[in-house]
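Counting starts at 1 for both ligands and their atoms, following the listed order. Just so it is clear, the values below take in all heavy atoms, side chains as well, and ignore hydrogens, waters and symmetry mates. All values reported here derive from a predicted model rather than from experimental measurement.
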Amino acid sequence: MLNNPIEYIHGVSTLRGDMLRKELKIFTFNDLLNYFPLRHVDKTKVDIIDELNYNNEYAQVAGKITDMEIMGEKRGRRLVAHLQDDAGGEIELVWFQGINWIQKALQVGHRYLVFGKLSFFMNKPQIAHPEIETFTEQKATGKNFLEPIYSSTEKLKARGLNGRVMGKFTYALLQLITEKDLPENLPESIIIKYKFISRFDAYRHIHFPATEKHFQHAVRRLKFEELFFAQLRLGLIKSARHRFSKGWVFDKVGELFNTFYTKYLPFELTGAQKRVLKEIRKDAGSGKQMSRLLQGDVGSGKTIVALMMMLIAADNGFQSVLMAPTEILAQQHYNSITELLKDMPVCVKMLSGSSKTKQRREVLKLCEDGSLNILIGTHAVIEDKVIFKNLGFAIIDEQHKFGVAQRSQLWKKNTIPPHVLVMTATPIPRTLALTAYGDLDYSVMDELPPGRQPINTVHRFENKRPQVMDFIKEEIANGRQAFVIYPLIEESSKMDYENLMKGYEEVKSFFPEPKYWISMVHGKMDAVQKETNMQRFVNKETQIMVSTTVIEVGVNVPNATVMVIESAEKFGLSQLHQLRGRVGRGAEKSFCILLTGSKISNDARERLKIMVATNDGFKIAEKDLEIRGPGDIEGTQQSGLLNFKLANIVHDKVILEAAREVAQNILENDPDMNVAENLPVKTYLNQQKGKTAWSKIS
Ligand code: ADP
Ligand code: MG
């Protein structure tokens with residue numbers, strides 16, 4: 001039944017059917033059923049005209065038309081009628097369009113039922129362009145449901161398919177379907193526990209509720225369904241991996257790991273680092289393939305965790321790869337890892353888009369013959385040409401820059417897929433992470449290495465620039481370095497470039513050579529040039545780094561203590577937090593200065609306020625969500641995982657958590673859903689297979 005084409009609905013002609021398919025992607029009964037109304041209008045009672053007041057947004061009245069005449073000229077030309085109800089109140093009805101047609105259709109002395117948006121003119125009630133129909137006694141008590149209004153498109157409206165006509169179709173559709181067409185898909189005990197209405201009722205009441213309360217019950221039930229099945233599906237992918245996948249076994253903690261740990265690890269690991277290492281080791285030793293998300297705030301020390309796992313992989317005879325989103329970042333990882341391992345017999349190489357042919361050939365050879373232990377690079381490392389002898393472990397750093405497709409390419413690199421660790425520095429709140437990445441296991445590093453001082457963040461207006469520059473001079477005099485970051489406005493890379501050059505000249509005017517030296521890095525430079533400029537800054541040959549956001553993630557220069565962000569109002573919160581994370585990496589007190597013009601929007605002001613108030617990435621992420629909504633969370637957008645129709649992950653947290661608990665319970669106790677009570681769930685899931693974006697993940 002629900003798969004019937006929409007033409008089977010009364011009033012939907014082939015032409016209209018085509019329009020609905022093209023404009024709204026409504027093909028079947030089911031599509032229409034799931035096309036939910038934008039809002040409802042209340043025509044459940046007939047108002048008494050004399051009782052209407054400014055609080056009534058809409059009004060429905062019934063009575064006799066007492067007079068009707070065309071008034072005004074040209075643009076002011078309008079049809080004005082007066083309608084009197086039985087209680088003697090009078091209301092004015094006005095039309096500016098379709099005047100002739102309406103004048104013919106209405107008759108003075110006849111009774112009508114009228115609905116529309118109410119306004120008052122000189123204290124008298126008035127409705128412009130009302131809906132109007134002949135009055136009958138059955139209509140005297142109003143409709144027995146709230147009338148749904150659907151969103152429509154200009155093209156549909158031009159064909160007479162406006163938001164109200166859509167309602168006629170859904171009304172007709174609901175007459176056709178029965179309880180059998182919408183069988184229950186939740187376990188009975190859950191329905192009882194949460195006092196949910198039936199699925200059939202939920203669909204009826206979301207379209208045609210008798211009261212606002214009915215509507216809310218319907219929405220609550222359908223939101224729960226949405227969140228429950230989303231989490232259950234991702235959870236099933238995860239549980240299938242835990243139960244059925246095969247993974248390489250890293251059961252040894254060997255020579256390399258132990259030597260590094262006792263002799264070369266430059267600091268004591270934090271509690272969080274130790275815990276996460278343990279979690280990863282447990283997974284990698286289990287014989288199942290690991291796919292794990294590691295969330296940690298900027299500077300929490302994810303790299304060392306990654307390195308130590310790669311050493312364990314090597315101890316067990318496996319190769320590892322570490323992928324970074326940019327050349328600069330890959331190079332940095334390479335530099336710091338080769339430095340840490342310089343006295344150890346571990347073969348580490350780097351591969352990126354700009355690697356020279358000869359060097360590339362050599363790296364590829366080492367990969368293939370197995371003498372290479374660790375390969376670091378950009379996504380060049382997962383190209384088909386790169387063949388590993390025995391890849392066992394893959395780490396994706398700052399994952400939001402990688403697409404899902406790139407991740408899956410890793411699968412092909414060995415007979416059994418390698419263990420995968422996805423590291424992200426864009427923290428998102430736990431509940432959200434568990435939903436968005438429900439197919440991955442989850443680790444979090446919620447502790448910074450000791451001795452870090454919070455970064456002192458201030459907001460300054462443009463006119464304070466000289467003072468800001470003086471401050472940088474003081475820091476440089478104390479042997480420190482500074483970043484000055486310009487925004488990237490993607491529409492025009494030429495403008496960005498000019499913007500940056502202007503900024504560079506301006507900075508230079510405050511910091512003249514040869515007393516000061518400035519590095520500059522931007523997206524248009526080739527990799528070698530970028531790297532050279534970066535290295536000069538790292539080596540303290542320059543004191544200031546002027547850059548666009550290419551340094552956004554990962555870059556580590558512990559001696560830099562000042563981060564100036566130009567036009568800070570143009571950045572999103574998580575980006576600001578990332579940028580700020582480039583300082584405060586050493587023991588010295590660090591500063592972040594957010595520069596803006598004097599006129600900024602309220603949203604921007606709010607963002608800056610949050611940045612000034614806290615250094616905690618998780619708190620910032622939460623605020624970011626509140627301001628921007630979940631659709632904008634990096635990484636989740638392209639996957640479409642968080643685009644729920646009804647539910648909103650931020651505002652429906654209570655339902656989200658309830659749904660999560662129920663899904664979790666099934667996953668733990670009855671993952672095959674063989675218990676009678678869970679059969680409705682299983683049946684529904686099987687029916688949906690292949691119909692949703694979800695099926696692409698599994
Ligand atoms: P992120 O999590 O942002 O990738 P990094 O791995 O780049 O952080 O680490 C940031 C800095 O903290 C590096 O300079 C690193 O050497 C240092 N670091 C990491 N772990 C510790 C620790 N346990 N104690 C002290 N410093 C640490
Ligand atoms: Mg990092």
Side-chain angles (χ1 to χ4, degrees), residues 260-262 264-278 280 292-311 321-342 374 376-378 395-402 421-428 443-455 480-481 483 534 537-538 540 549-561 563 574-588 590 592 615-618 620-621 634-635:
F260 179 76
Y261 191 82
T262 49
Y264 302 113
L265 183 63
F267 36 66
E268 173 84 6
L269 292 180
T270 65
Q273 284 170 322
K274 285 185 192 157
R275 172 170 45 74
V276 167
L277 260 176
K278 217 184 260 169
I280 301 172
R292 185 172 276 277
L293 173 73
L294 171 56
Q295 270 211 78
D297 205 348
V298 184
S300 59
K302 294 182 288 291
T303 319
I304 202 83
V305 171
L307 170 60
M308 291 173 81
M309 273 316 297
M310 293 196 286
L311 291 177
V321 7
L322 171 59
M323 270 198 287
T326 64
E327 296 242 4
I328 290 189
L329 204 50
Q331 187 69 47
Q332 276 232 330
H333 279 320
Y334 177 76
N335 296 348
S336 64
I337 286 175
T338 43
E339 173 65 25
L340 284 165
L341 298 180
K342 66 175 186 285
I374 294 175
I376 296 170
T378 56
I395 296 159
I396 304 175
D397 194 16
E398 320 291 357
Q399 83 89 225
H400 62 267
K401 306 277 170 182
F402 277 100
L421 182 67
V422 171
M423 305 200 295
T424 161
T426 309
I428 54 177
S443 289
V444 59
M445 288 206 318
D446 45 8
E447 186 184 346
L448 294 181
R452 291 273 170 81
Q453 303 185 41
I455 300 158
R480 320 260 188 270
Q481 291 162 285
F483 288 103
M534 192 69 216
F537 187 63
V538 172
K540 303 187 195 170
T549 51
V550 287
I551 61 143
E552 182 184 339
V553 285
V555 169
N556 196 26
V557 184
N559 191 51
T561 55
M563 166 62 63
S574 70
Q575 213 179 5
L576 287 173
H577 181 61
Q578 278 295 322
L579 287 168
R580 176 169 64 182
R582 298 312 109 216
V583 296
R585 311 201 125 222
E588 301 301 334
S590 291
C592 175
N615 272 285
D616 182 333
F618 287 90
I620 289 174
E634 282 159 301

*Report yes if some N/O of I304 lies less than 3.5 Å from some N/O of ligand 1; otherwise report no.*
no
*asked:* At under 4.0 Å between heavy atoms, is it the side chain or the backbone of T303 that contacts ligand 1, or both, or neither?
replied: both
*N/O of F267 under 3.5 Å from N/O of ligand 1, yes or no?*
no
_Heavy-atom pairs closer than 4.0 Å: do any link ligand 1 to the side chain of M445, the backbone, both, or neither?_
neither
*With distance as the sole test, does K302 use its side chain to make a donor-acceptor pair with the main-chain N or O of G296 at under 3.5 Å?*
yes
*Any non-hydrogen atom of G296 lying under 4.0 Å from ligand 1?*
no
_Please list, in number order, the atoms of ligand 1 under 4.0 Å from a heavy atom of L269._
23 (N)
_With sequence neighbours excluded, residues passing side-chain hydrogen bond (donor to acceptor under 3.5 Å, both in side chains) with Q331_ = N335
*With heavy atoms of V298 as the reference, note each atom of ligand 1 found under 4.0 Å away.*
3 (O)
*Within less than 4.0 angstrom of ligand 1, does E268 place any heavy atom?*
yes
*In terms of atom number and element, which parts of ligand 1 are under 4.0 angstrom from non-hydrogen atoms of T270?*
23 (N)
*Could you tell me if any non-hydrogen atom of S300 lies under 4.0 Å from any atom of ligand 1?*
yes
*Would you give the length of the straight line joining atom CD1 of I304 to atom CG of L269, rounded to the nearest 0.5 angstrom?*
7.5 Å
*Roughly how far, to the nearest 0.5 Å, is the CD atom of Q273 from the CD atom of E268?*
10.0 Å
*Check: R452 side chain, S300 main-chain N or O, donor-acceptor pair, under 3.5 Å*: no
*Contact between R452 and ligand 1, counting heavy atoms under 4.0 Å?*
yes
_One pair to check against side-chain contact (heavy atoms from CB on, under 4.5 Å): V298 and R585. What are the steps and the verdict?_
CA-CA 9 Å; V298 184; R585 311 201 125 222; 3.8 Å; yes
*Identify, with sequence neighbours excluded, every residue that meets side-chain contact (heavy atoms from CB on, under 4.5 Å) alongside T561.*
E475, R480, E588, S590
*Are the side chains of P450 and T270 in touch, meaning some heavy atoms are under 4.5 Å apart?*
yes
